[in-house]
Chemist: 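After the structure tokens below, expect a handful of questions from me.
Counting starts at 1 for both ligands and their atoms, in listed order.
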Amino acid sequence: MEKKKIGFELLIYENESELSQNDRKLLHDAAAAREKAYAPYSKFKVGAAVLLENGEVVIGNNQENASYPSGLCAERVAIFHAGAKYPGVAVKAIAICASSSKQEVDVPAAPCGNCRQSIIEYEQKQKSPISLLLSSETGPIYKCKSTADILPMAFNSSFLGDS
Ligand code: THU
């Protein structure tokens, strides 16, 4: 029997003044997108900004539905938007931020499992990591170098035997 510990490096910034100018800008783009979220049911607004290798930024926000499961998270709206608009252009980073009108969000918003899986698909397709910048309204900012770091043992196309 072998025991293996799986871990990853998380960078924690106290506030956005500690970020590079580029990261700060991407976070502001995510915050602007968050304000346009359609979240009448949860009141939890999420914005995501995707930075592409060509320098373009593509945004997304959560889009809810009266039939709850029909809605979609900000991260997937954003990454699918990027895939639709710039197919074949690698994604470098995604900034995410969240707010709620029900309570103060002070813990950085991390993508749900489905969104992690969806983002990892793009990492595998482009063969390079997609870093994540996670923020809240008042709390610290987290950065991780690769989305695969936060979904260890993710499912991927190699299981399907076609690659
Ligand atoms: N949501 C996101 O947009 N991203 C996440 O990673 C977690 C949750 C949205 C989905 C739904 O509209 C609301 O937040 C509450 O779950």
Chemist: Considering the heavy atoms of Asn62, write down every atom of ligand 1 situated less than 4.0 Å from one of them.
Modeler: 3 (O), 9 (C), 11 (C), 12 (O), 13 (C), 14 (O)

Chemist: List the atom of Asp29, the atom of Ile59, and the distance in Å for their closest heavy-atom pair.
Modeler: O-CG2, 4.1 Å

Chemist: Are Tyr142 and Ile120 grouped together when hydrophobic residues (ILVMFWY) are joined by side-chain heavy atoms under 4.5 angstrom apart?
Modeler: no

Chemist: Does either side chain, that of Ser67 or that of Asn65, offer a donor lying less than 3.5 Å from an acceptor on the other one?
Modeler: no

Chemist: Starting from atom 7 (C) of ligand 1, locate the nearest protein heavy atom and write down its residue, its atom name and how far away it is, to 0.1 Å.
Modeler: Cys73 SG, 4.2 Å

Chemist: Which residue and non-hydrogen atom of the protein lie closest to atom 6 (O) of ligand 1, and at what distance in Å?
Modeler: Glu75 OE2, 2.9 Å

Chemist: Taking 4.0 angstrom as the limit and counting only heavy atoms of Pro111, give me the atoms of ligand 1 inside it, by number and element.
Modeler: 6 (O)

Chemist: Distance alone, cut at 3.5 Å: any donor-acceptor contact between the side chains of Ser20 and Asn22?
Modeler: no

Chemist: Counting distance only, does the side-chain N/O of Glu104 pair as donor-acceptor with the main-chain N or O of Asp106 below 3.5 Å?
Modeler: no

Chemist: Among all protein heavy atoms in this structure, tell me which lies nearest to atom 11 (C) of ligand 1, with the distance rounded to 0.1 Å.
Modeler: Glu64 OE2, 3.2 Å

Chemist: Has Glu64 got a side-chain atom pairing as donor or acceptor with Ser42's backbone, closer than 3.5 angstrom?
Modeler: yes

Chemist: Using a 3.5 Å cut-off on N or O atoms only, is Cys112 in polar contact with ligand 1?
Modeler: yes

Chemist: Just jot down the ligand 1 atoms closer than 4.0 angstrom to any heavy atom of Ala110, in number order.
Modeler: 6 (O)

Chemist: N/O of Ala74 under 3.5 Å from N/O of ligand 1, yes or no?
Modeler: yes

Chemist: Check whether the side chains of Ser146 and Glu123 place a donor and an acceptor atom closer than 3.5 Å, and report yes or no.
Modeler: yes

Chemist: Yes or no, since that's all I need: does a protein heavy atom fall within a distance strictly under 4.0 Å of atom 3 (O) of ligand 1?
Modeler: yes

Chemist: Which of the atoms of ligand 1 are close to Ser42, meaning less than 4.0 Å from one of its heavy atoms?
Modeler: 13 (C), 15 (C)

